[in-house]
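Please read the structure below before turning to the comments.
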Amino acid sequence: MKLRLQPIRVFCFHEVSEESNGSNDWMPTEQLKRMLLQIQDEGYVFISFKEAYRHICNDCVRTRKYAVLTADDGLQCQLELLPWFEENKIPITFCLNVTSPKQEKCGRPYRQWYHMEDEKTEKQFAKRLYISEKELDALDSKMVSYALHGYNHDESAVEITLDELQRDIEGCIERYGQDKHYVPFYVYKYGTHNADTDEVVRRNKLVPVLSDGLWNYNDGKLIHREILEYIYRTTCQ
Ligand SMILES: [Zn+2]
């Protein structure tokens, strides 16, 4: 068997805590840890997103099974896990938008899940929910990278025009493009995309990233991800 044919698996998760937020994008913290340790027990070595992409594009021979971990939406609970990720040699990519770290608004999905009634409540909640701009700028870890997840967390890439998507991407690059943690991946909100949006993303020298449950072989046009909450709901509960 050609070892290069081994897939690279890219996982993603969102909110973790002790108590459920009632959404499908949540899982218990302990369960996330258990699943990641189990993936390692199955022989996978976690590598950075950038390293995985180099493997996929260059058709590298893979003598080990590789996995990548990504975390969407820039949530405080994800940053709190960083010491644990470092201890367990799991590089982490935070998929960030530009407005959430300002901690003013919560974005469409969280507004719905937490039934926010007014702007004041939303702002207070955003301060607890998101990693702040200050924390992102101060972070200095070789285990961390920042990918792009849209300018804000409202419309998906297919709900806006291609010109708006272009401006969205430019805004993201302007915010994160110079950061030492930056990696050129564009993680679609809500997982929705099409050939035209992929074209705009690639024109900006970014790699489109999906949440479609598939594994990655040696095709660098798109990155596929598996959603850990989905695996948790279907196999662990
Ligand atoms: Zn998201």
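Predicted model, so just to flag it, every value in this text is computed and none were measured. First listed ligand is number 1; within each ligand, the first listed atom is number 1.
- Only one option out of V10, I223, L222 pairs with L210 in a side-chain contact (heavy atoms from CB on, under 4.5 Å); it is L222.
- D73 lies close to the Zn ion (ligand 1), since one of its N, O or S atoms is found at a distance under 2.8 Å.
- Between N58 and Y53, the side chains place no donor N or O within less than 3.5 Å of an acceptor N or O (distance only, hydrogens not considered).
- In summary, H149 places an N/O/S atom under 2.8 Å from the Zn ion (ligand 1), meeting the contact criterion.
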Show me, pair by pair, the donor-acceptor contacts under 3.5 angstrom made by side chains of residues 84-93, not counting sequence neighbours?
from, atom 1, to, atom 2, distance (Å)
E86, OE2, S141, OG, 2.8
N88, ND2, W84, O, 2.9
T93, OG1, S145, OG, 2.9

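- The aromatic rings of Y176 and Y146 sit perpendicular, their planes meeting at an angle over 60°, well past the 30° parallel limit.
- The Zn ion (ligand 1) has no N, O or S atom of H14 closer than 2.8 Å.
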